[in-house]
Amino acid sequence: MAEQWHVKKTGPGLAIEEMIARLLGSEFVVEEFDPARSLAQQVDHAHVLLVRSMPVTREVIDGAPRLRLIQRPGVHLEGVDIEYAAAKKIPVCNVPASLTHGGNDVAEHVMFLALALAKRYREALGSLGARRIGTPSTHVLRGKVFGIVGLGRTGSALVQMARGFGMRVWAVKRTVSEGMREALGLEWLETARHLPELLRESDFVSLLVTLNKETQGLIGAAEIALLKPSAFLINVARGGVIDRDALTAALREQRLAGAGLDVFWDEPIDPHDPLLAMPNVIATPHVANMTVETIETIARAAADNIRRVRAGLPPMHQVLRPSHAADES
């Protein structure tokens with residue numbers, strides 16, 4: 001009888017991981033993460049690590065002598081020591097966005113957050129509870145400037161959606177090629193060094209960059225000070241792209257109209273975090289790409305890759321080196 005493989009979750013259970021477990025079947029044991037112990041203390045039987053946001057360090061890799069695969073059911077691999085895994089001949093793989101409609105899914109969520117902020121959804125719920133009608137007053141999207149920071153797959157999809165609402169779309173991108181502005185239908189497009197200009201002019205700003213050493217704290221107190229007091233900031237990238245204290249202070253002091261957040265500095269976010277109590281904050285629990293359709297596609301791709309490695313076949317979608325550039329989602 002073939003040996004059962006142990007697939008270790010490296011964080012609290014998610015719907016996508018439960019689906020992977022069902023797809024793998026009885027030949028695999030999918031083990032839960034124990035929050036009471038360090039990850040390095042619970043990987044000694046693991047053949048596969050299912051990773052998300054928990055760091056997979058040298059210590060973790062060394063603590064897993066049976067390890068044959070590090071699999072991310074998604075795209076980003078921040079926190080995984082890819083170079084050390086490669087030195088140990090352990091493949092690190094993801095599920096690239098090209099296999100899903102993730103760019104469109106996330107862009108839709110950005111528009112949802114933009115609409116919820118513009119229409120003051122949380123305050124409207126308060127009015128319902130207080131039996132008030134006709135309040136609060138809301139904003140239109142038409143004619144407003146939507147600033148997009150990061151113009152990859154998601155950003156390109158977002159351009160078209162925002163234009164569909166009659167918005168004027170500005171963007172900054174790491175590199176800009178000739179004709180790109182016209183091809184995408186942008187009113188304004190510049191490289192990342194022109195970010196201050198975008199912040200000054202935008203009514204809505206959406207952050208769509210990968211978190212790395214270049215983008216950590218990209219939006220700090222100085223950048224927030226450039227935004228109009230009437231502007232809304234939306235983050236579906238990673239929490240660390242924004243300085244937490246600077247954002248909290250700006251919202252509390254009404255130097256910023258509101259924020260839409262799908263990602264946080266520590267996940268899951270503390271339910272008592274002051275940000276969650278603010279009426280000008282719309283928050284969702286890191287679900288921008290967690291549509292039913294995308295979850296199924298990603299789960300099947302991850303499960304298929306785990307089976308491939310067990311069968312001795314080369315893995316699919318191996319990531320060979322960490323990204324140090326300001327990659328855009």
Side-chain angles (χ1 to χ4, degrees), residues 1-97 99-100 102 238 266-268 285-287 289-290 292 294-323:
M1 182 177 177
E3 175 192 16
Q4 275 191 322
W5 266 34
H6 290 252
V7 180
K8 180 68 184 182
K9 299 179 184 180
T10 64
L14 299 167
I16 195 166
E17 294 169 347
E18 300 304 322
M19 184 174 290
I20 291 169
R22 291 195 298 272
L23 290 167
L24 288 173
S26 60
E27 295 179 1
F28 297 84
V29 176
V30 180
E31 299 178 348
E32 294 293 335
F33 172 74
D34 181 359
R37 295 189 295 154
S38 72
L39 180 57
Q41 294 175 323
Q42 45 185 309
V43 295
D44 53 323
H45 295 297
H47 296 88
V48 179
L49 296 182
L50 281 180
V51 302
R52 186 167 170 85
S53 56
M54 185 73 69
V56 177
T57 61
R58 292 186 175 207
E59 181 185 13
V60 172
I61 294 170
D62 286 340
R66 302 181 183 182
L67 190 59
R68 298 277 300 281
L69 174 66
I70 299 173
Q71 176 69 54
R72 168 72 159 100
V75 178
H76 301 299
L77 284 158
E78 63 267 15
V80 177
D81 194 330
I82 298 172
E83 292 173 334
Y84 188 66
K88 302 275 284 189
K89 295 183 168 42
I90 299 166
V92 178
C93 301
N94 66 0
V95 179
L99 296 185
T100 70
R238 287 293 185 269
D266 298 300
E267 294 187 335
H286 205 148
V287 295
N289 196 31
M290 290 293 99
V292 172
T294 293
I295 287 174
E296 182 173 351
T297 300
I298 292 175
R300 289 189 182 281
D304 288 347
N305 212 31
I306 292 169
R307 290 196 199 93
R308 283 182 63 88
V309 172
R310 176 172 176 159
L313 298 172
M316 299 290 289
H317 313 302
Q318 185 170 354
V319 179
L320 299 177
R321 61 186 63 85
S323 172

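Taken from CG in Asn305 to CZ in Arg72, the straight-line distance is 14.0 Å, to the nearest 0.5 Å. Atom CD of Gln71 and atom OG1 of Thr10 lie 11.5 Å apart (nearest 0.5 Å). One distance of note links CD1 of Ile306 with CZ of Arg68; it measures 12.5 Å at 0.5 Å rounding. One finds the CG atom of Asp34 at 10.0 Å from the CD atom of Glu32 (value rounded to the nearest 0.5 Å). To the nearest 0.5 Å, atom CG of residue Leu50 and atom CD1 of residue Ile70 are 11.0 Å apart.
Taking 4.0 Å as the cut-off between side-chain N and carboxylate O, Glu18 and Lys9 count as a salt-bridged pair.
Using a 30° and 60° split on the angle between ring planes, His47 and Trp5 fall in the parallel class, below 30°.
By the 4.5 Å heavy-atom criterion applied to side chains, Arg238 and His76 are counted as neighbours. In this structure the side chain of Arg52 never reaches within 4.5 angstrom of the side chain of Ile16, judged on heavy atoms. For the pair Leu23/Arg307, a side-chain contact is recorded, criterion being any heavy-atom separation below 4.5 Å from C-beta on.
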task = Report the C-alpha separation of Val43 and Leu49 in whole Å, then their side-chain angles, then the decisive distance to 0.1 Å, and conclude whether the side-chain contact (heavy atoms from CB on, under 4.5 Å) test is met.
result = CA-CA 8 Å; Val43 295; Leu49 296 182; 3.8 Å; yes
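Shortest non-hydrogen contact noted between Ile90 and Leu69 is CG2-N, 4.0 Å.
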